[in-house]
Protein chains: 2
Amino acid sequence: MKILNKKVILDDGIFSSTTDYQKILDDIEQAVYAIEYPVGSGGFYLNGERKGNGVKPIKDAFIEKLNELGWDDERKVLNPSIRKRKIDSTIELSDGRFFGVEWETGNISSSHRAINRLQKGMLEQDLAGGILILPSREMYNYLTDRVGNFKELEPYFELMSHTNINGVLLIIEIEHDGIDPSVPSIKKGTDGRALI
Amino acid sequence: MKILNKKVILDDGIFSSTTDYQKILDDIEQAVYAIEYPVGSGGFYLNGERKGNGVKPIKDAFIEKLNELGWDDERKVLNPSIRKRKIDSTIELSDGRFFGVEWETGNISSSHRAINRLQKGMLEQDLAGGILILPSREMYNYLTDRVGNFKELEPYFELMSHTNINGVLLIIEIEHDGIDPSVPSIKKGTDGRALI
DNA sequence: TATGGATCCATA
DNA sequence: TATGGATCCATA
């Protein structure tokens, strides 16, 4: 899997200048690039059937990879305030706050909620920042109809930036490495481990 | 149908002091209270089956009533900029701007998008304000699972207020008048006219 | 019971 | 093709 774009929605320049933040970006890149399909292919290939691939296994693979890098998925996290926020994956920072990542697999409308969930955590000082990861519109063509995608959320980026909430908020656009008609469709319920 | 609550999310005190705004609130109240089920009962009664009632006919009845009061549903509106915004119902103001109303019937996550849609219109100066109408949690119990409801959006109200966008933004909580096991369930696809 | 999601539909 | 919706599922 590859990263096409990292769009900065909010950045007050403070947390983004820390080494904690650099480590977070490294982890995210590593986890995205680690997602393989088929396993061992050295890349992420979809079979080209439009609306033909389920999204959950891809997300599971990413979250599992972050777990390996020391992050906590929403079931692992112990801090009560963070646990209630039900953020896909979080990591604790040197100052006791957290950083949250959402990998969007629901309907595009739930991408609006995901951004709100991250901004709410920032506004309430639990989060130093957050990242929402979305498929490109090109990748979206091969996934479950109406799932969140970068292009469809783009018209709202300016609105989402129009606030004085402190911290860093990014939206990262990802994409498959190519189409390969010989690979099977990714089905709903497939074990995410199979994609790392 | 009755109104339980009018929550002010944004109000800069300017548009909210106009007679245009008073007329808008009157129209909304009139349209909500005009929704009857069964027709002629003088109220809005649900049959008490949990998750048993479709929401579209209720919305259709409300939008049709606003049309009668001079508002434009998303298919009627002619102004190109407003038309693109796909707001459920709008009305043109004395100053050439518009006011928008969304009656939420989709998933709760789409209520986040509906608020963003209204705030975007306000930020871009097309709208002087907007209203989102949501069922109470009590009413939600009898509607399609996971539809937008006031209580579930409430934790986000403070975040939604945390911006300096000009104009008025309200969230109105509505509720049925009572339960009557003798009335039929409201089914998907039922003509909204039947509920006015 | 509460909340995030996953999926497919309708219409311009 | 693009966008808002409508519905039901999974899990804590």
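Every chain is numbered from 1 and lettered A, B, ... according to where its sequence line falls, protein lines coming before strand lines.
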**OP:** Write down the atom of M122(B), the atom of G130(B), and the distance for their closest heavy-atom approach.
**Re:** SD-N, 4.3 Å
Subject >> Integer-rounded Å distance: dG4(D) P and I115(B) CD1 >> reply: 15 Å
Subject >> Nearest-neighbour nucleotide for the V147(B) side chain, dG4(D), dT7(D), dT7(C) considered >> reply: dT7(D)
**OP:** Look at K59(B) and dG5(D) and indicate whether a side-chain polar atom (N or O) is within less than 4.0 Å of OP1 or OP2.
**Re:** yes
Original post:
Roughly how many Å is it from CG in D73(B) to P in dA10(C), rounded to a whole number?
Top reply: 19 Å
Subject >> Euclidean distance, atom CH2 of residue W103(B) to atom C1' of dG5(D) [Å, nearest integer] >> reply: 16 Å
Subject >> Atom CD of E124(B): over 12 foreign heavy atoms under 6.0 Å >> reply: yes
Original post:
dT3(C) P sits how many Å from H112(B) NE2, rounded?
Top reply: 11 Å
**OP:** Please state whether the phosphate of dC8(D), meaning OP1 or OP2, lies under 4.0 angstrom from any side-chain nitrogen or oxygen of R50(B).
**Re:** no
Subject >> Length of the NZ-P vector between K51(A) and dT3(D), whole Å >> reply: 13 Å
Original post:
Got a donor-acceptor contact below 3.5 angstrom from the N149(A) side chain to the V147(A) backbone?
Top reply: yes
Original post:
Say you draw a straight line from OG1 of T19(A) to CG of D26(A); how long is it, rounded to the nearest 0.5 Å?
Top reply: 11.0 Å
Original post:
What is the nucleic acid contact for R146(A), judged by heavy atoms within less than 4.0 Å: base, sugar-phosphate only, or nothing?
Top reply: base
Original post:
Out of dG4(D), dA2(D), dT7(C), which nucleotide sits closest to the side chain of R113(B)?
Top reply: dG4(D)
Original post:
Less than 6.0 Å separating the ring centroids of F150(A) and F157(A)?
Top reply: yes
Original post:
Rounded to whole angstrom units, what separation is found between the CG atom of N116(B) and the P atom of dT3(D)?
Top reply: 15 Å
Subject >> Aromatic plane relationship, F62(A) with W103(A) - under 30° parallel, 30 to 60° tilted, over 60° perpendicular >> reply: tilted
Subject >> Exercise: do D180(A) and S182(A) side chains pair donor with acceptor under 3.5 Å >> reply: yes
Original post:
Parallel, tilted or perpendicular: which describes the rings of F15(A) and Y21(A), with under 30° parallel and over 60° perpendicular?
Top reply: perpendicular
Subject >> Of K151(A) and A114(B), the one whose closest DNA chain D nucleotide lies more 5' >> reply: K151(A)
Original post:
Looking at dG5(D), does its base get a donor-acceptor pair with the side chain of N107(B) below 3.5 Å?
Top reply: no
Subject >> Members of residues 135-145 of chain B that approach DNA chain C, where some heavy atom sits under 4.0 Å away >> reply: R137(B), Y140(B)
**OP:** Scan residues 74-92 of chain A against DNA chain C and write down, sorted by residue number, each residue with any heavy atom closer than 4.0 Å; if none is found, say none.
**Re:** K86(A), D88(A)
**OP:** Could you tell me whether K151(B) and E154(B) have a side-chain N and a carboxylate O separated by less than 4.0 Å?
**Re:** no
